[in-house]
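Letters A, B, ... mirror the listed sequences (proteins, then strands); counts begin at 1. Please read all numbers here as calculations on a predicted model, not as lab measurements.
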Protein chains: 2
Amino acid sequence: MDERALLLLGMLRAQSQHGYQINEFIERNLSRVTDMKKPTAYAILDRLSRDGYVRMHTEQEGNRPPRKVYSITPKGEQAFEDLLRATLARSDRFSAPGDIGLMFLTHLPRAEAIALLEQRMEDLATQRASYERAPRHDYDLGARLAIERILLHMETERGWLTGAIATLRDTPEQ
Amino acid sequence: MDERALLLLGMLRAQSQHGYQINEFIERNLSRVTDMKKPTAYAILDRLSRDGYVRMHTEQEGNRPPRKVYSITPKGEQAFEDLLRATLARSDRFSAPGDIGLMFLTHLPRAEAIALLEQRMEDLATQRASYERAPRHDYDLGARLAIERILLHMETERGWLTGAIATLRDTPEQ
DNA sequence: CGCCGATTAGTCAAGCTTGACTAATTTGAG
DNA sequence: CTCAAATTAGTCAAGCTTGACTAATCGGCG
């Protein structure tokens, strides 16, 4: 039971929803927050249902294909709160992903390493621009704090990249 | 083919190794950089072997259980470089993980939310201390840059958490 | 020497994740 | 009205990941 379950339980706490609705919302509005794919969401909902955290019943509107409607149970509400507390209380380890590449940085010619980090800086700028376009109001306090957080880390990353490139320029190869 | 393959290819580029050796090194020295588990490493090595990026042959020393020794092939060296370039050139998306919890922050009483974020700050401080204990020399340039990077982000996170807690204190509930 | 815990080396089954697919219904252009 | 494209709703098989396990050897203490 992880963050993905927390997200699904949180969405169902707000209102009962059918699978498609849930996945649409995630794809349209939460693509920055999670990369959970549709079949994963269905799988987790199945598990949550099997374990009694959500109830599932099928509904048929007109003669469209039947929908699976999920609602949270009291046990699910409890689990949501517990998970939320656990999640908020701990700081997850900072991204290793980019670092493995860094470990091998010195295996490339210095000039190329610099060029690649400059590309990384552009990539970062693009991502950042997309975040800055996000309307800051509309969102509730939690979401605003989350956006603020990401932007601060992006600025830190930009600063670090600038420094790293300078270090590479100043340090003799080998 | 992802960062885990990059790591394994990079390790084999330095020298041929048997499975146990690889996994020992990862567990002892790279636990901060990757959370790849032993069976995963074997599975990836199998795939790399199947696809011609590494060669695998079994060796028997004395009458100990046979070892699988992996060496990188020229095709593997090429793949390593390509992967390394691709990895260095892009900035991976900043951690969503912690953010899902934040999205639901306002579902808890304000006082509890504050207490939880204070716990998160302590957790962060613990992690940070463990990084600061890491000997800065010994490591090559790439690794030093990677450590520097994590420490900067940890400081940013501390600052953000301080601000977030202050905001929560100043913003009236609801 | 005998035996127990640690080390060496790896395997397996169960669960998780996702790209690709199915299949029906609605919409809209001509 | 009609046909193609888009939308709705979900499924499936294949691959990935890992906790738990096996099984042999080695080191050292009494």
Side-chain angles (χ1 to χ4, degrees), chain A residues 1-9 11-12 15-31 33-51 53-54 56-71 83 93 96-97 100, chain B residues 1-9 11-12 15-31 33-51 53-54 56-71 83 93 96-97 100:
Chain A
M1 284 239 290
D2 57 325
E3 299 247 319
R4 293 171 162 195
L6 177 65
L7 176 59
L8 292 173
L9 288 174
M11 289 181 66
L12 292 178
Q15 59 173 320
S16 298
Q17 300 187 58
H18 54 88
Y20 187 79
Q21 211 171 357
I22 292 172
N23 282 297
E24 269 302 283
F25 189 80
I26 290 175
E27 228 173 279
R28 287 210 201 295
N29 305 301
L30 303 180
S31 60
V33 170
T34 182
D35 55 355
M36 176 169 51
K37 299 301 188 298
K38 204 169 23 156
T40 309
Y42 279 112
I44 295 175
L45 286 168
D46 277 352
R47 178 165 53 73
L48 290 174
S49 170
R50 185 197 64 199
D51 297 348
Y53 299 108
V54 312
M56 181 184 79
H57 71 111
T58 42
E59 237 174 42
Q60 187 130 16
E61 197 180 330
N63 46 1
R64 314 192 95 271
R67 296 162 160 179
K68 296 184 174 176
V69 179
Y70 301 89
S71 357
L83 259 178
R93 243 157 266 313
I100 291 182
Chain B
M1 285 239 288
D2 58 327
E3 299 246 321
R4 293 169 164 198
L6 176 65
L7 176 59
L8 292 173
L9 288 174
M11 289 180 66
L12 293 178
Q15 60 173 321
S16 297
Q17 300 187 58
H18 55 89
Y20 188 79
Q21 210 172 357
I22 292 173
N23 282 297
E24 270 301 283
F25 189 80
I26 290 175
E27 228 174 278
R28 288 209 202 293
N29 306 300
L30 302 179
S31 59
V33 170
T34 181
D35 55 354
M36 177 168 49
K37 298 301 187 301
K38 201 169 23 156
T40 308
Y42 279 112
I44 293 175
L45 286 168
D46 278 351
R47 178 164 53 72
L48 290 174
S49 171
R50 186 197 64 198
D51 297 349
Y53 299 107
V54 311
M56 179 184 80
H57 70 112
T58 43
E59 235 174 45
Q60 188 131 18
E61 196 180 332
N63 46 1
R64 314 195 94 270
R67 296 161 161 181
K68 297 184 175 176
V69 179
Y70 301 88
S71 357
L83 257 177
R93 241 157 266 314
I100 290 182

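A/His57 places its NE2 atom 14 Å from the P atom of D/dA9, with the value rounded to the nearest Å. Between A/Tyr70 atom OH and D/dA9 atom P the separation is 12 Å, expressed in whole Å. The CG atom of B/Leu45 sits 13 Å away from the C1' atom of C/dA9 (whole-angstrom rounding). A straight line from CG of B/Asp46 to C1' of D/dA14 spans 16 Å, rounded to a whole angstrom. Counting to the nearest Å, the P atom of C/dG10 and the OH atom of B/Tyr42 are 4 Å from each other. Distance, A/Met56 CE to D/dA9 C1': 14 Å, rounded to whole Å.
Residues from residues 17-28 of chain A placing a heavy atom under 4.0 Å of any atom in DNA chain D, listed by number, are A/His18, A/Gly19, A/Tyr20.
When all heavy atoms of B/Ala41 and B/Leu8 are compared, the pair lying nearest together is O-CD1, 4.0 Å. In this structure, A/Ile26 and A/Met36 approach most closely via the heavy-atom pair CD1-CE, 3.6 Å. Nearest heavy-atom pair, A/Ala5 versus A/Ile44, reported as atom, atom and distance to 0.1 Å: CA-CG2, 4.2 Å.
Taking CG of B/Asp35 as the reference point, atom OG1 of B/Thr40 lies at 8.5 Å (rounded to 0.5 Å). Once rounded to the nearest 0.5 Å, the distance linking CG of A/Asn23 with CE of A/Met11 reads 8.0 Å. Within the model, atoms OH of A/Tyr70 and CG of A/Leu9 stand 13.0 Å from one another, a figure rounded to the nearest 0.5 Å.
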Derivation of the side chain to side chain contact (heavy atoms under 4.5 Å, CB included) call for A/Leu30 and B/Ile100: CA-CA 10 Å; A/Leu30 303 180; B/Ile100 290 182; over 6 Å; no
Grab the N/O contacts between the protein and nucleotides 17-22 of chain C below 3.5 Å, and write none if there aren't any.
residue : atom : partner : partner atom : Å
C/dT18  : OP2  : A/Thr40 : OG1          : 2.9

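Under the side-chain hydrogen bond (donor to acceptor under 3.5 Å, both in side chains) criterion, B/Arg28 pairs with B/Glu24, not counting sequence neighbours.
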